[in-house]
Number of protein chains: 2
Amino acid sequence: MSPYELTAQQQRVVSYILSYRSQNGFPPTVREIAAAFGYRSPNNVRQHLRLIEQKGFIRLLPGKARGIEISASLAAGEYGEEGERGVPFIGSVAAGKPITAIENVDGYVTLDRSIFKGGGLFALRIKGDSMNGMGILNGDIVVVRKKSQAEPGEVVVVIIDGDATLKRFIRENGIIKLRAENPAYEDIVLDPGNSIQVAGKLVGVIRKYGG
Amino acid sequence: MSPYELTAQQQRVVSYILSYRSQNGFPPTVREIAAAFGYRSPNNVRQHLRLIEQKGFIRLLPGKARGIEISASLAAGEYGEEGERGVPFIGSVAAGKPITAIENVDGYVTLDRSIFKGGGLFALRIKGDSMNGMGILNGDIVVVRKKSQAEPGEVVVVIIDGDATLKRFIRENGIIKLRAENPAYEDIVLDPGNSIQVAGKLVGVIRKYGG
DNA sequence: TTGCATACTGTTCAAATGGACAGTATATTT
DNA sequence: AAATATACTGTCCATTTGAACAGTATGCAA
């Protein structure tokens with residue numbers, strides 16, 4: 001076991017602490033954790049806490065009741081530190097404006113920060129079926145990390161005629177193309193003079209069924 | 001003094017609690033508050049807390065260490081929304097256990113509640129490609145609403161051999177089938193005696209690329 | 001003056017809680 | 001087979017902590 005990875009049990013304990021804390025406003029006691037998991041000995045929990053502390057995920061304040069301090073990385077997962085409001089949701093894109101400009105922000109989407117880590121994220125709704133081939137459907141919300149340049153092979157958000165569409169950034173024999181993941185669409189070939197606005201790189205998808 | 005306004009002292013106490021809490025991750029004890037204000041008696045703080053509670057700004061949880069719950073109005077100023085906790089994330093399914101039993105919970109996933117409304121939600125990771133046809137890929141996290149019975153046409157989570165898989169619930173000529181959204185898979189025909197455990201109904205998908 | 005609410009001190013007790021000691025069990029690695 | 005790490009049970013103790021009882025003081029309104 002890598003020194004910085006938690007075991008399944010330890011992970012469950014951490015999750016419980018986080019959820020208890022966000023529900024009650026303070027961390028659980030050792031005995032409350034034991035009760036939640038059905039442990040008959042508080043000491044078992046202490047052992048877990050010690051190991052979790054050694055791996056740097058929490059800090060135990062000796063002698064203090066409920067003295068479990070969540071370390072920054074986990075706290076971020078809990079309510080997003082800077083972005084507790086979620087990441088900006090971009091409805092439609094006003095021509096000429098940077099994509100995440102206030103003008104474009106139509107709301108905020110809460111993300112799970114333990115899944116979507118890091119900064120510079122935003123969300124937008126995809127129109128069209130050009131990415132059906134990789135399981136992205138019309139109406140899906142995609143999570144994007146801001147980025148103005150694309151690496152070959154990456155799936156990026158490009159702004160075409162005020163609409164955000166996803167395309168795979170391809171370089172073949174020195175020629176740069178934007179390729180849809182759908183055989184019904186043809187590649188868009190970029191001639192060197194032609195510039196297209198890259199807004200960011202695809203990092204996730206959120207889809208809602210019904211309603 | 002209006003019944004819903006705090007006195008200057010009470011306000012100082014409240015703001016100390018808030019700042020202590022955001023700094024340490026848990027509320028202070030009565031004695032810690034006393035020490036911070038130079039009070040020589042813990043009872044003075046208790047009196048303050050009682051009055052603050054009467055005015056509705058906090059709630060005291062009797063007998064609990066650091067049992068000071070900040071009421072919604074104050075908490076809102078501190079970190080935005082009310083304590084939304086995530087939905088349980090089910091890693092693998094222990095045979096014979098209800099799917100959301102604590103044994104199965106591997107963590108919690110934060111959802112955007114304006115997208116995924118209502119209760120009874122949980123999340124699990126999908127294995128296999130049986131639902132490729134509707135844009136759900138191997139490894140995707142699906143959001144599911146708990147439900148033990150399926151309506152014809154619904155996509156439901158069924159537990160087969162300890163794995164959660166998605167299938168469309170079909171009724172054709174009175175015969176009930178579970179259909180994969182992938183031509184490579186054949187329908188599973190349920191004879192009346194044969195029972196399969198329905199865990200819930202598909203309401204969403206979350207996918208993460210890279211990492 | 002007589003209440004009455006707020007703002008304190010001082011003390012004591014019982015419950016809540018952290019934390020130590022002493023084990024058992026079971027994998028996995030060496 | 002031995003060593004090691006994780007995952008537990010069970011018990012006990014000292015501290016932390018909430019909470020009660022018994023006061024004092026002060027400003028304010030009836």
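All values reported here derive from a predicted model rather than from experimental measurement. Chain letters run A, B, ... following the sequence lines, proteins first and then strands; every chain starts at 1.
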Mind checking whether A:F37 and A:Y39 have parallel, tilted or perpendicular rings, split at 30° and 60°?
->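 Correct class here is parallel.
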
C:dA7 OP1/OP2 closer than 4.0 Å to side-chain N/O of B:H48 |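 Yes, B:H48 has a side-chain N/O under 4.0 Å of OP1/OP2 on C:dA7.
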
Closest to side chain of A:R40, choosing from D:dG10, D:dT6, C:dC8 =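 The answer is D:dG10, which lies nearest to the side chain.
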
From C:dT11, C:dG18, D:dT17, pick the nucleotide closest to the side chain of A:V30?
->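 For A:V30, the side-chain atoms sit closest to C:dG18.
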
Atom [atom1] of [X] and atom [atom2] of [N]: how far apart are they, to the nearest Å?
{"X": "B:I52", "N": "C:dT6", "atom1": "CD1", "atom2": "C1'", "answer": "12 Å"}
{"X": "A:Q47", "N": "D:dA7", "atom1": "CD", "atom2": "P", "answer": "8 Å"}
{"X": "B:E32", "N": "D:dT17", "atom1": "CD", "atom2": "C1'", "answer": "10 Å"}

With DNA chain C as reference, determine whether B:S41 or A:T29 sits nearer its 5' end, using the nearest nucleotide of each.
->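 The residue closer to the strand's 5' end, by nearest nucleotide, is B:S41.
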
Base, sugar-phosphate, or nothing for [X], non-hydrogen atoms under 4.0 angstrom?
{"X": "B:R31", "value": "base"}
{"X": "A:L60", "value": "nothing"}
{"X": "B:R12", "value": "nothing"}

Toward the 5' end of DNA chain D, which comes first, B:P62 or A:Q10, by nearest nucleotide?
->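 Looking at the nearest nucleotide for each, A:Q10 comes out on the 5' side.
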
Check the pair B:R66 / B:E32 against salt bridge (charged side-chain N to carboxylate O under 4.0 Å, His left out), numbers first and verdict last.
-> CA-CA 10 Å; B:R66 303 175 191 277; B:E32 282 168 342; 2.9 Å; yes

Please name the residue in the list B:E172, B:E186, B:E154 that meets the salt bridge (Lys or Arg N to Asp or Glu O under 4.0 Å) test with B:R179.
->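 Exactly one pass, corresponding to B:E172.
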
No-H, no-angle donor-acceptor pair, A:R46 side chain to C:dG18 base, under 3.5 Å =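 Donor-acceptor pair under 3.5 Å: no.
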
Has the side chain of A:N43 got a donor or acceptor that lies under 3.5 Å from a partner of the other kind on the base of C:dG19?
->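 Result: no qualifying N/O pair found.
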
Decide if atom CZ of A:R50 counts as having more than 12 heavy atoms of other residues, nucleotides or ligands within a radius under 6.0 Å.
->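 Yes, enclosed.
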
